[in-house]
Amino acid sequence: MVILRMEGIRKAFGGVPALDGVHFELHPNEIHGLLGGNGAGKTTLMNILFGLYRMDSGDVFLHSKKISISAPRDAIAQRINMVHQHFLQVDSFTVLENILMGAPLKESLTMRFGEEEKKIAAIQKRFGLEIDLGATLGDLPMGTRQKVEILKALYRGVEILILDEPTTNLTPQEVDALFLSLREMVKEGLSIVFITHKLREVLSVCDRITVLRNGRNVTTLRKGEAPEEEFVRGMVGEEMNLEKSILFSGIRESRAAPLPGGEALLKLEGAGLRTADGLQRLKELSFEVRPGEIFGVAGVAGNGQTELAELVLGLQPPTAGRVLVSGRDVRERTTAQLLGEDVAYIPEDRLHDGFLPKANIAQNLILGAQRSRPYSNGWLIDWKTVFASAQEMIAQYHIKTAGPGEVGGNLSGGNIQRVMIARAFSREAPLLVAHNPTRGLDIPSMDFVYSKFLERKAAGRASLLISEDLDELLLLCDRIGVIYKGEILGILPREKFEKYAIGQLMSGVRREA
Amino acid sequence: MTAMTAKTTSRSLLGTAIPYLLAILASFAAAGIFIALMGFDVLRAYSTILFTSFRTANGFIQTLLKFVPLLLQALAFTIPLTAGKFNIGGEGQLLAGAIGSTAVGIAFSHLPPALLLPLVILAGVAAGALWGLIPGWLLYRFGINEILTTVLLNFVAFSLVNYVATGPWRDQGAGHPMTVAIGEGGFLPMLINNPPLNAGIIVAIIVAALVYFYTTRTVAGYELVATGANPRAAKTFGIKTRLMFISSLVIAGAVGGLSGALEVAGVQHRLIEGMQSNFLVLGLIIGLIAKGNNLAVPFIAFFISVLEVGASAMQRTLLIPVEMVFIVEALILVFVLLSDVVRRR
Ligand SMILES: Nc1ncnc2c1ncn2[C@@H]1O[C@H](COP(=O)(O)OP(=O)(O)OP(=O)(O)O)[C@@H](O)[C@H]1O
Ligand SMILES: [Mg+2]
């Protein structure tokens, strides 16, 4: 039994094929993992199904009937809906308004939505998607905003729900809750296409998987029929050497080595941050990151991590205490100077804070370094050098693009993240502030980033790794500080790393000293 | 390697040119239907529009004279656009510049050319820059929308022109409100005397080249582009975006002011009410057709100048209203924007 079949799908962008004869089948009541490396064509395939892109050739059958979808409107009419990798929402609207936006409504002029509200509330209850419909969207954390998108799709009525990397911005707890909701949905008759790069999610929630590579099918597997190794191999690709990988084999050399000495490259002395309206965002942070150290900051999203990064970059001056970068108070220098001299930065929200979608790859790669050598003499930009090193970075960091001149907005989500990585690591700055640096990356790329962190360590550079991925922190860090409500509740050295203890601290339970 | 890059660039150049050509063809075809319905001879109308500029020396020089203010007005729009800001105050800046130039040109009319001409031009540029600084500062300080303030400042400029052109400097002999002429030392030198072509065209082309250089080669230009591409990311990476906004508006104002100064020093030699003509709207159309690309602006500005000169000839000889050409221009814009939407999928 097949509910949806896509056959021989081809799509090229400016002559470069993104999909080359792809087949895809969806069964009723299944969660189907759509997997593949960054730039493999997952989003493109689903965008075609949702009517955002037009395929060059191929056929789509729904319930064995050939259908043609030329706009999202058609897809929604066929009860197909999609939650995007980078979704668009109106921050100043309420949850309810965002859900109703674009829906055909009888009462759209009077704005009396009582009935619709009841309908939505019923859906919420059925699938366990609790959100306050009256809340303003801009105030909500990422996980909740994601739920809003799912709710919106459900409200419009779906049979096929496409989720493009829905878990990248979710905490582990939120992921668990989402999976419960997804299970409810397939029980009620939905079929779900689920795009992810996380092995654990694939193994725990997907009934079948389809793997794409470079725009072609690699394999389709059913859980239970194929051994787990085959799933893993399908996800990471043929080339990756699992034995040598940091991710699968851990770090070989003894990491219990004493903390590196030397003067701290980052030092916080009772640093605090209070907003103009009196909210205490950060409280009395004191720690240091030494040369050759990877210092991790663990915590549930929204506990002050972004503010901490902004403090170190001089984007917000501390309202209490001091922050020293390479021994100098951050307030002595502008952000531009810090970025030009001592700090590299990977922001959490790549699309909003780190990327210029309308500018080309080369322009994106020098953002923050545009005033420094070798890219410029302070006045003029040396584009020849910029393009040459952009070319190098594209090769070294495996950015899948037509070249340094390509518009950034054309890149796939993971390749945008690779641009963030390339920009930050290529600076070889004494201090790196990396916030969720592997978000949206495929497994081999993640592994590559980990090796880059270790390279920095070996070269005696300091890294502040802020991450919501505890496994990543446990793997890489020399010490981990746990942040909760703007406070560091504890700092653990590597030999004291213990998942349970860190988890406790992350939920605000302070250990007795 | 080089051959490959050359090939890809020539292909992408063609790729960008084709939608433009199609848009132009489509809009001519669409407007042609109107012209035919109105009972006029379409072919003659179009040959007049397209070839008047190239048939006679006079036609060509008329075109160049139109080209100068159109080019500068378009740049006054595209410079802030690069940073994501909309300057709809080009005509106010032109008039402010014209007032500044005229004031200096009359007040110091006895000075020799070596002194007076630079003063006249500089006064126009400074006055225009001031007209850009006001909305820039209001945006910087209070976050007031620049579209609103630049438009409103146009009206302030209209009143100022009225005040100056009917005040003590008024030319009593003229029926229309205008001032007396500025000192001869403030006239731009002539490149050709008959038909008359002043040196303003050289200044305009140099400015266009400088703007292109500024936005594509300099660090400040890069920061302007980054700000326009994503102000939040630009700010996170240390670019002073609000300073970018204000400086782009000041530079735009200066360029707009220069267009006024060149009109005074090169063409009119005085301040005349209504001298802003419809340069603002045409400048916007040029900037929008160019999609903010400063390299494309001069070429499109020239093309629009050809249409404009052709349009007046068409009205004179065929009695077809000039507005027809305005429709063609607007249609080109619509089709260019449409081709963008189509191509994106
Ligand atoms: N609008 C576009 N214009 C040009 N190229 C595009 C466009 N959209 C996608 N591509 C290219 O198509 C390829 C596939 O992209 P797609 O977004 O489908 O990848 P993906 O599998 O979703 O990857 P990721 O895991 O990184 O999100 C990429 O090489 C990308 O650069
Ligand atoms: Mg994708």
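Letters A, B, ... are given to chains in the order of the sequence lines, protein chains preceding strands, and every chain is numbered from 1.
- Interface remark: Phe355(A) contributes backbone atoms only to the contact with chain B (heavy atom separation under 4.5 Å).
- Using a 4.5 Å cut-off between heavy atoms, Arg333(A) makes no contact with chain B at all.
- Counting only heavy atoms from C-beta outward, the side chains of Val225(B) and Leu356(A) never approach each other to under 4.5 Å.
- In this structure, chain B has heavy atoms under 4.5 Å from both the backbone and the side chain of Ile366(A).
- With respect to chain B, the highest number of heavy-atom pairs below 4.5 Å among Arg350(A), Lys358(A), His352(A), Glu310(A) belongs to His352(A).
- Remark: the backbone N or O of Leu367(A) is paired with a side-chain donor or acceptor of Tyr222(B) at under 3.5 angstrom.
- When all heavy atoms are compared, the tightest approach of Ala336(A) to Gly238(B) is CB-O, 3.5 Å.
- The part of Trp383(A) that comes within reach of chain B is its side chain, from C-beta onward, which places non-hydrogen atoms under 4.5 angstrom from that chain.
- With a 4.5 angstrom heavy-atom cutoff, Lys235(B) touches chain A only via backbone atoms.
- Within a 6.0 Å radius of CZ in Arg331(A), other residues, nucleotides and ligands contribute more than 12 heavy atoms.
- Of all the heavy atoms in Val219(B) and Gln370(A), the pair that sits closest is CG2-O, 3.5 Å.
- Proximity to chain B (any heavy atom under 4.5 Å) is restricted, for Leu339(A), to the side chain, taken from C-beta onward.
- A pairwise comparison of heavy atoms in Thr335(A) and Thr236(B) identifies CG2-O, 3.8 Å as the closest pair.
- Of the two parts of Asp349(A), only the side chain, counted from C-beta on, holds a non-hydrogen atom closer than 4.5 Å to a non-hydrogen atom of chain B.
- By the 4.5 Å heavy-atom criterion applied to side chains, Asp353(A) and Phe237(B) are not counted as neighbours.
- In this structure, the separation between CD on Glu223(B) and CD1 on Ile381(A) is 8.0 Å, given to the nearest 0.5 Å.
- Shortest non-hydrogen contact noted between Asn230(B) and Leu351(A) is ND2-O, 3.2 Å.
- With chain A as partner, the option from Ala234(B), Gly221(B), Ala229(B), Pro231(B) having the largest number of non-hydrogen pairs under 4.5 angstrom is Ala229(B).
- Closest non-hydrogen pair, Gly354(A) versus Ala233(B), comes out as N-CB, 3.7 Å.
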